[in-house]
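Before any comments, here is the structure.
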Amino acid sequence: FTANWSPKKYAITFIVDGIISTKNQSYGSMPSYGSTPTKQSSNEHTYFKFSHWQPELKTIDGNATYEAVFTENFKSYNVDLTSTHTKGGNLSGSGIYVYNSTVTISTSVNTGYNFLGWYSNNSLVSTNTSYTINNISSHMSFQAKFELINYTNKNKNTKNATNSNK
């Protein structure tokens, strides 16, 4: 006579983002959902990341229910800065910023140049050397436009001299 034995199975229920699924799993094993749980974001600026099961998973010794817990995270966006003249000034403020952040972009203006303004998509957004962007919600690019100042020497003994900062 041969005894056939198989471990007792218990109903393990998983709740993920309001969706309930139950799997029969073996006594003495660890509960297995089968994949990393996911949750859809309710807007385009956040995403959810699986954190843990509540209660904490434990060896199966009876029916159990576990709910997935997620953390909400804000997406990050790039602020890119370029310049029409690399010698026109030093740009600051480019980087990666979390949704809804505020950032100030700025530039110094080097001798021999005039600052014409900050442009985005070829449209002037500010003529100030510092410009504050509130509530970042997308990738953004700004160009600092400079013009080279042409100096004319009024001395009669020399010809016109131009700036060599090109």
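Owing to the predicted nature of the structure, the values given are computational and were not obtained by experimental measurement.
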Residues passing the side-chain contact (heavy atoms from CB on, under 4.5 Å) test with Asn135, sequence neighbours excluded, are Asn100
With hydrophobic residues grouped by side-chain heavy-atom distances under 4.5 Å, do [X] and [Y] end up in a single group?
X      : Y      : value
Val69  : Tyr47  : no
Val79  : Leu124 : no
Met140 : Phe74  : yes
Ile105 : Ile96  : no
Trp53  : Phe70  : yes

Picking from Asn90, Leu91, Asn128, what satisfies side chain to side chain contact (heavy atoms under 4.5 Å, CB included) with Thr107? Leu91
No-hydrogen, no-angle side-chain donor-acceptor test under 3.5 Å, [X] and [Y]:
X      : Y      : answer
Ser130 : Thr104 : no
Thr71  : Ser51  : no
Thr46  : Ser41  : yes

Working to the nearest 0.5 Å, report the span between [atom1] of [X] and [atom2] of [Y].
X      : Y      : atom1 : atom2 : value
Lys9   : Ile60  : NZ    : CD1   : 9.0 Å
Thr38  : Lys49  : OG1   : NZ    : 14.0 Å
Ser106 : Trp118 : OG    : CH2   : 7.0 Å
Ile12  : Gln25  : CD1   : CD    : 5.5 Å
Lys145 : Glu147 : NZ    : CD    : 11.5 Å
Phe14  : Glu67  : CZ    : CD    : 12.5 Å

Compare all side-chain heavy atoms of [X] with those of [Y] and state whether any distance is below 4.5 angstrom.
X      : Y      : answer
Phe142 : Tyr131 : yes
Ser141 : Asp80  : yes
Leu116 : Thr127 : no
Ile136 : Val103 : yes

Considering residues, nucleotides and ligands other than Asn121, do more than 12 of their heavy atoms fall under 6.0 Å from its CG? no
Evaluate the side-chain contact (heavy atoms from CB on, under 4.5 Å) criterion for residues His52 and Tyr66: first the C-alpha distance (whole Å), next the side-chain angles of each, then the deciding distance (0.1 Å), finally the verdict. CA-CA 10 Å; His52 62 278; Tyr66 300 98; over 6 Å; no
Could you walk me through whether Ile15 and Thr65 pass side-chain contact (heavy atoms from CB on, under 4.5 Å), step by step? CA-CA 8 Å; Ile15 304 170; Thr65 300; 3.9 Å; yes
Between Thr13 and Thr22, is the side-chain hydrogen bond (donor to acceptor under 3.5 Å, both in side chains) condition met? List the steps. CA-CA 4 Å; Thr13 301; Thr22 301; 3.1 Å; yes
So, do Tyr97 and Tyr77 have ring centers that fall under 6.0 Å from each other? no
Please confirm whether the ring centroid of Tyr99 lies under 6.0 Å from the ring centroid of His45. yes
Looking only at heavy atoms, which two atoms of Phe115 and Ala144 are closest? And how far apart? CE1-CB, 3.9 Å
Minimum heavy-atom distance between Glu44 and Lys75, given as atom pair plus value: O-NZ, 3.0 Å
In sequence, state the C-alpha distance, the side-chain angles, and the governing distance for Val109 and Asn114, and then conclude on side-chain contact (heavy atoms from CB on, under 4.5 Å). CA-CA 7 Å; Val109 181; Asn114 284 327; 6.0 Å; no
Is the positively charged end of Lys23 above the ring of Tyr33, judged by distance under 6.0 angstrom from the centroid and angle within 45° of the axis? yes
Using a 6.0 Å distance limit plus a 45 degree cone around the ring axis, check whether Lys39 lies over the aromatic ring of Phe48. yes
Got a donor-acceptor contact below 3.5 angstrom from the Thr84 side chain to the Phe146 backbone? yes
